[in-house]
A.B. asks: 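This structure is in structure tokens; I'll ask about it shortly.
Here the structure is a predicted model, which means the values were calculated and not measured. Computed from heavy atoms alone, side chains included, the values below leave out hydrogens, waters and symmetry copies.
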Amino acid sequence: MTILNKLQLKSLLKSSGNVQKDLFAEALLVRQKYFGNNVYLRGIIEFSNICQKNCYYCGIRKNNKSVQRYRMEMSEIEACLDFIKQANYGSVVLQSGEMLDEISKEFLLKIVQLIHQKYPELGITLSCGEFDFDFLKKLKEAGAHRYLLRIEASQKLLYEQLHPSDHSFENRVEVLKNLKKLNYQVGTGNLIGTPYQTLDDLVEDLMFFQKMDFDMFGLGPYVPHENTPLFETDYVKHWGIKKEEILNTTLNFIALLRIMMPTCNIATATALDSLHSKGRILALQAGANVIMPSVTPQSRREDYFLYQNKSSVDAGADETLDLVLDKVLEAGFIPVFGERGNAVHFCNRM
Ligand code: SAH
Ligand code: SF4
């Protein structure tokens with residue numbers, strides 16, 4: 001394994017031209033060794049946009065009163081699951097705002113139980129925020145396999161600049177540790193290109209990911225949303241001209257992560273498509289190996305607007321899958337159907 005020091009990481013994070021080409025080539029070689037040309041598919045159901053938190057960057061934060069809030073009915077979720085089975089996805093991801101009240105927790109538990117009973121072969125990933133140890137244990141026992149919780153920023157100072165004071169950095173780290181204790185396949189990630197962030201912060205994120213020995217990553221570029229506090233910053237006013245740099249840094253980050261953690265699953269963020277029409281494909285070419293097409297019904301999509309220019313907002317689940325497949329195949333990758341696509345890193349760790 002290539003071991004890079006912090007100075008090298010910092011320099012490679014901003015690389016372009018031939019240096020960047022070599023970086024991607026090395027990452028792709030590592031990717032090929034463990035995954036060949038395979039791309040694992042997960043169907044993502046954004047089942048609720050109700051959130052009790054107020055992250056400064058997020059379009060569905062509690063204080064954004066212009067959002068029409070929804071939580072899908074169980075029958076609507078069942079229809080999404082039927083589509084997932086019919087399309088032969090090997091895994092499902094359930095994502096929502098963070099709600100820690102008993103009714104919301106009970107509802108999530110019911111969904112996991114239902115999937116486990118009806119479709120025991122499906123891999124189940126959750127991405128619903130910071131639950132306590134006991135509830136995460138219940139979800140695991142009910143059949144959940146994986147959990148995605150981005151640290152967003154591994155440096156406490158930056159984390160605190162991006163979140164209100166009642167959001168706890170320590171708790172987020174604690175939950176990630178609990179997920180590992182509970183033998184989940186644990187995924188995290190960061191936002192790249194936020195206000196206040198430096199290249200040193202990103203280097204520390206890479207080190208944090210490696211030190212904590214996570215199994216999966218879902219990281220992506222920050223894309224502004226107008227009804228959020230960060231939109232008011234000077235930085236965001238000039239975001240348009242920074243787009244290309246943010247795209248490059250995100251791709252470089254993915255390539256470095258692939259080289260540093262060869263057997264991890266790295267998912268491509270939909271937000272990449274807001275920066276470039278083939279953003280997610282570029283991420284696959286930089287070392288990512290997972291793609292998560294939305295299976296959320298079209299009628300709900302414009303209410304799950306975490307950031308502006310979200311792609312496929314006017315498409316249904318079938319059209320979204322077709323669009324993704326076309327691009328994946330065109331780039332020479334092999335979409336993998338009917339398999340869970342567990343992280344090799346997790347299998348080795350166990
Ligand atoms: N509520 C859960 C999961 C849903 S949010 C949680 O926060 O963990 C999923 C991810 O969307 C977050 O982790 C965040 O990194 C990302 N996100 C939110 N606002 C964003 C923005 N403006 N640009 C890009 N990604 C954003
Ligand atoms: Fe809620 Fe997640 Fe958005 Fe934060 S990022 S406001 S927790 S949905």
A.B. asks: For Phe169 and Ser154, work out which heavy atoms get closest and say how close.
C.D. replies: CZ-O, 3.2 Å
A.B. asks: Has Arg31 got a side-chain atom pairing as donor or acceptor with Asn38's backbone, closer than 3.5 angstrom?
C.D. replies: yes
A.B. asks: Specify whether Tyr159 and His163 have parallel, tilted or perpendicular ring planes, treating 30° as the upper limit for parallel and 60° as the lower limit for perpendicular.
C.D. replies: parallel
A.B. asks: What I'd like to find out is whether the side chain of Tyr57 reaches to under 4.5 Å of the side chain of Glu152, using heavy atoms alone.
C.D. replies: yes
A.B. asks: Give a yes or no answer on whether the side chain of Arg42 reaches the backbone of Gly341 with a donor-acceptor pair at less than 3.5 Å.
C.D. replies: yes
A.B. asks: Spell out, yes or no, whether Met292 and Leu323 are grouped together once hydrophobic residues are joined by side-chain heavy atoms under 4.5 Å, including indirect joins.
C.D. replies: no
A.B. asks: So how far is it from Tyr235 OH to Glu232 CD, rounded to the nearest 0.5 Å?
C.D. replies: 16.0 Å
A.B. asks: Does Glu170 have more than 12 heavy atoms from other residues, nucleotides or ligands lying within 6.0 Å of its CD?
C.D. replies: yes
A.B. asks: Are any non-hydrogen side-chain atoms of Leu29 and Gln32 less than 4.5 angstrom apart?
C.D. replies: no
A.B. asks: Answer yes or no: is there a donor N or O on one side and an acceptor on the other, between the side chain of Lys310 and the main chain of Arg301, under 3.5 Å?
C.D. replies: no
A.B. asks: Less than 4.5 Å apart, side chain to side chain, heavy atoms only: is that true for Leu202 and Gln197?
C.D. replies: yes
A.B. asks: A side-chain contact here means heavy atoms from C-beta on lying under 4.5 Å apart; do Asp82 and Tyr119 qualify?
C.D. replies: yes
A.B. asks: Is it the case that over 12 heavy atoms from other parts of the model lie below 6.0 angstrom from the NZ atom of Lys237?
C.D. replies: yes
A.B. asks: Do Thr228 side-chain atoms and Cys58 backbone N/O form a donor-acceptor pair below 3.5 Å?
C.D. replies: no
A.B. asks: Within a reach of under 6.0 Å around CD of Glu245, are more than 12 heavy atoms found that belong to other residues, nucleotides or ligands?
C.D. replies: no
A.B. asks: Contact between Cys51 and Lys62 at the side-chain level, heavy atoms closer than 4.5 Å - yes or no?
C.D. replies: no
A.B. asks: Hey, are Gln20 and Ser15 close enough side-chain-wise for a donor-acceptor pair under 3.5 Å?
C.D. replies: no
A.B. asks: Answer yes or no on whether Arg71 is positioned over the face of Phe107, meaning its NZ or CZ is under 6.0 Å from the six-membered ring centre and within 45° of the axis.
C.D. replies: yes
A.B. asks: Set out, in order, the CA-CA distance, both residues' side-chain angles and the distance that settles salt bridge (Lys or Arg N to Asp or Glu O under 4.0 Å) for Glu102 and Lys105, then state yes or no.
C.D. replies: CA-CA 5 Å; Glu102 290 308 315; Lys105 281 160 62 177; 3.3 Å; yes
A.B. asks: Before you tell me yes or no, could you show the steps for Lys138 and Val112 under side chain to side chain contact (heavy atoms under 4.5 Å, CB included), namely the whole-Å CA-CA distance, both residues' side-chain angles and the distance that decides it to 0.1 Å?
C.D. replies: CA-CA 10 Å; Lys138 269 194 188 168; Val112 175; over 6 Å; no
A.B. asks: Give the minimum heavy-atom separation between Ala255 and Phe24, together with the two atoms involved.
C.D. replies: CB-CD2, 3.8 Å
A.B. asks: Hey, is the main chain of Arg61 close enough, under 3.5 Å, to the side chain of Asn54 for a donor-acceptor pair?
C.D. replies: no
A.B. asks: Could you tell me if Lys140 sits above the aromatic ring of Tyr147, with its cationic atom closer than 6.0 Å to the ring centre and no more than 45 degrees from the axis?
C.D. replies: no
A.B. asks: Please evaluate residues Phe214 and Leu176 with respect to the criterion side chain to side chain contact (heavy atoms under 4.5 Å, CB included), reporting the C-alpha separation (whole Å), side-chain torsions for both, the decisive distance (0.1 Å), and the verdict.
C.D. replies: CA-CA 9 Å; Phe214 293 112; Leu176 285 166; 3.9 Å; yes
A.B. asks: Looking at Pro335 and Val328, what are the two nearest heavy atoms and their distance?
C.D. replies: CD-CG1, 4.2 Å
A.B. asks: Is it the case that more than 12 heavy atoms not belonging to Lys65 sit under 6.0 Å from its NZ atom?
C.D. replies: yes
A.B. asks: Please answer: with hydrophobic residues joined when any side-chain heavy atoms are less than 4.5 Å apart, are Leu329 and Tyr89 in the same cluster?
C.D. replies: no
A.B. asks: So, does Asn49 use its side chain to make a donor-acceptor pair with the main chain of Tyr304 at under 3.5 Å?
C.D. replies: no
A.B. asks: Got a salt bridge between Lys85 and Glu121, using NZ or NE/NH1/NH2 to carboxylate O under 4.0 Å?
C.D. replies: yes
A.B. asks: If you group Ile, Leu, Val, Met, Phe, Trp and Tyr by side-chain heavy-atom gaps below 4.5 Å, do Leu282 and Leu28 land in one group?
C.D. replies: no
A.B. asks: What heavy-atom pair brings Asp215 and Phe346 nearest, and what distance separates the two atoms?
C.D. replies: OD1-CA, 3.4 Å
A.B. asks: Quick check: does any side chain N or O of Arg258 sit under 3.5 Å from a backbone N or O of Ala288, one acting as donor and the other as acceptor?
C.D. replies: no
A.B. asks: To check you understand the geometry: which heavy-atom pair defines the closest contact between Lys180 and Met212, and what is its length?
C.D. replies: NZ-O, 2.7 Å
A.B. asks: Could you measure the distance from the CG atom of Leu251 to the CG atom of Leu13? Nearest 0.5 Å is fine.
C.D. replies: 11.5 Å
A.B. asks: Should we count NZ of Lys118 as having more than 12 external heavy atoms under 6.0 Å?
C.D. replies: yes
A.B. asks: Look only at the side chain of Thr250 and the backbone of Ile246, and say whether a donor-acceptor pair between them is shorter than 3.5 Å.
C.D. replies: yes
A.B. asks: Kindly indicate, with the supporting measurements, whether the criterion side-chain hydrogen bond (donor to acceptor under 3.5 Å, both in side chains) is fulfilled by Asn265 and Asn289.
C.D. replies: CA-CA 6 Å; Asn265 276 347; Asn289 68 321; 2.9 Å; yes
A.B. asks: With side chains defined as the heavy atoms from C-beta onward, is the minimum distance between Leu100 and Glu130 less than 4.5 Å?
C.D. replies: no
A.B. asks: What distance separates Leu206 CG from Phe217 CZ, expressed to the nearest 0.5 Å?
C.D. replies: 9.0 Å
A.B. asks: Evaluate the side-chain proximity of Ser91 to Tyr40: yes if any heavy-atom separation is below 4.5 Å, no if none is.
C.D. replies: no
A.B. asks: CD/Gln308 to CD/Glu226 distance, rounded to the nearest 0.5 angstrom?
C.D. replies: 5.0 Å
A.B. asks: Is there a donor in the side chain of Asn190 and an acceptor in the side chain of Asp205, or the other way round, less than 3.5 Å apart?
C.D. replies: yes
A.B. asks: Would you find a donor on one side and an acceptor on the other, under 3.5 Å apart, between the side chain of Arg150 and the backbone of Gly218?
C.D. replies: yes
A.B. asks: Does Glu244, at its CD atom, have more than 12 non-hydrogen atoms belonging to other residues, nucleotides or ligands within less than 6.0 Å?
C.D. replies: no
A.B. asks: Regarding Asp201 and Thr198, is there a side-chain donor-to-acceptor distance under 3.5 Å anywhere?
C.D. replies: yes
A.B. asks: Under the side chain to side chain contact (heavy atoms under 4.5 Å, CB included) criterion, do Arg280 and Thr270 qualify, and how do the steps go?
C.D. replies: CA-CA 7 Å; Arg280 280 185 288 178; Thr270 313; 3.9 Å; yes
A.B. asks: Give the C-alpha distance, both sets of side-chain angles, the deciding distance and a yes or no for side chain to side chain contact (heavy atoms under 4.5 Å, CB included) between Ile77 and Ile115.
C.D. replies: CA-CA 10 Å; Ile77 295 171; Ile115 301 174; 5.9 Å; no
A.B. asks: For the side chain of Tyr184 and the backbone of Leu136, is there at least one donor-acceptor N/O pair under 3.5 Å apart?
C.D. replies: yes
A.B. asks: If every non-hydrogen atom of Leu321 is compared with every non-hydrogen atom of Ala87, which pair is closest and at what distance?
C.D. replies: CD2-CB, 3.8 Å
A.B. asks: Would you compute the distance between atom CZ of Phe209 and atom CG of Leu257 and round it to the nearest 0.5 angstrom?
C.D. replies: 7.0 Å
A.B. asks: Salt bridge (Lys or Arg N to Asp or Glu O under 4.0 Å), that's the test. Do Glu106 and Lys110 meet it? Break it down for me.
C.D. replies: CA-CA 6 Å; Glu106 206 48 44; Lys110 273 210 183 104; 5.4 Å; no
A.B. asks: With side chains defined as the heavy atoms from C-beta onward, is the minimum distance between Met207 and Leu9 less than 4.5 Å?
C.D. replies: yes
A.B. asks: Under 6.0 Å from the CD atom of Glu302, do we count more than 12 heavy atoms belonging to anything else shown?
C.D. replies: no
A.B. asks: Check the hydrophobic clustering (I, L, V, M, F, W, Y; side-chain heavy atoms under 4.5 Å; chains of links allowed) and say if Ile124 and Val175 are grouped together.
C.D. replies: yes
A.B. asks: Determine, for Lys137 against Glu141, whether the closest basic-nitrogen to carboxylate-oxygen distance falls under 4.0 angstrom.
C.D. replies: yes
A.B. asks: Testing Glu46, Glu76, Glu73 for salt bridge (charged side-chain N to carboxylate O under 4.0 Å, His left out) with Arg300, which one passes?
C.D. replies: Glu76
